[in-house]
Amino acid sequence: MDKQSVHGMWSSRTAFILAAAGSAVGLGNIWRFPYLASDNGGGAFVLVYLACIALIGLPILFAEVLIGRHGRQSPINTLLSLARETGHSRAWSVIGMMGMLSAILILSFYSVVAGWTLHYGWLYLAQLFGGAGIEDGPATFGGLLGDPKTLLFWHSVFMVLTIGVVALGVEKGLERAVKLLMPALFLMLILLVIYGVRTGHFGAAVEFLFTPDFSKIDENVVLAALGQAFFSLSLGLAGMMAYGAYLPRDVSIPQAGVSIALMDTGVALLAGLAIFPIVFAFNLDPAGGGPGLIFTVLPMAFSDMWGGALYGLAFFLLLMFAAWTSSISLLEPPTAYLVERTPLTRRSASILAGVLVWAIGLLSLLGFNVWSEVRIGGRDLQGAIEFVASDVMLPLGGLLVSLYAGWVLDAKLTRKELPQLSDGLYTAWRWSVRVVAPLLVLFVLSQKFAG
Ligand code: PFF
């Protein structure tokens, strides 16, 4: 008999796809993808990234969702209940533990960056009412990073928004938030791409993003691309497992998974195609844009456009919403765990988890100014946390999920969760989680760390 989740269920297949796509599409696509492409050689990075999505991301996405749906609880408890059901070791619940830690770390800096988008939205709103607007993108961005009070204000606002939705629960909170905002963001990106075409530098952007220079592919580029594939698809920290727990039984996981991956990749590529024409049009260096890339480049386009302040406001607000629908999926696993394990209500649990994340976020925030001297492995505090969580912990989490789904879970169980796949496709999936994905992840990590 099918179990039900105590946290509620998605009302339909579309609701799940929207929520999961809402989790996947976020700052990772629009802020992180373009800046990583810029820092890692353009086309070379994009090519490896796309390969990682297809060969590693997609099979692990199916695995996470099916494990979640089978267990119907927060990831740790899902894995513990599967241990009871199938007799395997309880130690596999480490996937859920590690995932929760990654989620907390990622949300801590994610919220700070989402705060930047709120601040930019605010600046454009002020401009509409006669304020100065953003004349000099780099100066505005530099000024923001150097101002801990403003950063703290917006980081706090964003965490309150995130806690608010998670406190409301699955249907009322998470689902409602995504239905309208995702399509609006998509439309906005298309408008920006059209602007990019009209700058006359669209060709240069396409060449930068899609002509790989193979000599640029080294272990750092490959690791960045792998980490980004996990980050962007929300994989490796059991977040998709948490969302899978609320998925009705009749929904096809492969179909939903492919739609989510297509949407996610599509938005990232669109973001690249929106941003790089502007980079070329303003004669900027496409390489080495760093985390400030969109925050310095897009204002140049907005100040050049007729009605740019309105576009700027709409863009940064929608980006904030995209970040919001992702951040709720980062706060959901620790919240669901606290609800299951402690007498706390959903509301108190989300507040407790949220305050913890908020406090850790202060490290990233102060690393831009007060502690700007602190360097870990050549990175500032935010960069170091981002690297460890996204490029190391997510691939490791994904590796464990993959081995677990391929070797520990019985083929009968996984087959039952993927009835829509033909026998051939099911076998292909099973071997990709057993062998292909784990070997590729291990190879990439060993290139970077064992060398
Ligand atoms: N996928 C989100 C993005 O691309 O912005 C970030 C993210 C959300 C990562 C949820 C991991 C996660 F569980």
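Please read these numbers as outputs of a predicted model, since none were measured by experiment. Just so you know, ligand 1 is whichever comes first in the structure, and atom 1 is the first atom listed for that ligand.
- Between D264 and N29, the side chains place a donor N or O and an acceptor N or O closer than 3.5 Å (distance only, hydrogens not considered).
- Residues L269 and V46 meet the side-chain proximity criterion, which asks for heavy atoms closer than 4.5 Å.
- Taking 4.5 Å as the limit, some side-chain heavy atom of V166 sits within range of a side-chain heavy atom of E332.
- Within the 4.5 Å cutoff, the side chain of L151 has heavy atoms near those of the W116 side chain.
- In this structure, the side chains of I53 and L58 stay at 4.5 Å or more apart for every pair of heavy atoms.
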Using a 3.5 Å cut-off on N/O to N/O, what pairs does ligand 1 make with the protein? A line per pair would be great.
| unit_1 | atom_1 | unit_2 | atom_2 | d |
| --- | --- | --- | --- | --- |
| ligand 1 | 1 (N) | S23 | O | 3.1 |
| ligand 1 | 1 (N) | A24 | O | 3.0 |
| ligand 1 | 1 (N) | F231 | O | 2.7 |
| ligand 1 | 1 (N) | S232 | O | 3.1 |
| ligand 1 | 1 (N) | S234 | OG | 3.0 |
| ligand 1 | 4 (O) | A24 | O | 2.9 |
| ligand 1 | 4 (O) | G28 | N | 3.3 |
| ligand 1 | 4 (O) | N29 | OD1 | 3.4 |
| ligand 1 | 5 (O) | L27 | N | 3.1 |
| ligand 1 | 5 (O) | G28 | N | 2.7 |
| ligand 1 | 5 (O) | Y110 | OH | 2.5 |

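- Using a 3.5 Å distance cut-off with no hydrogens or angles, the side chains of S329 and S326 do not pair a donor with an acceptor.
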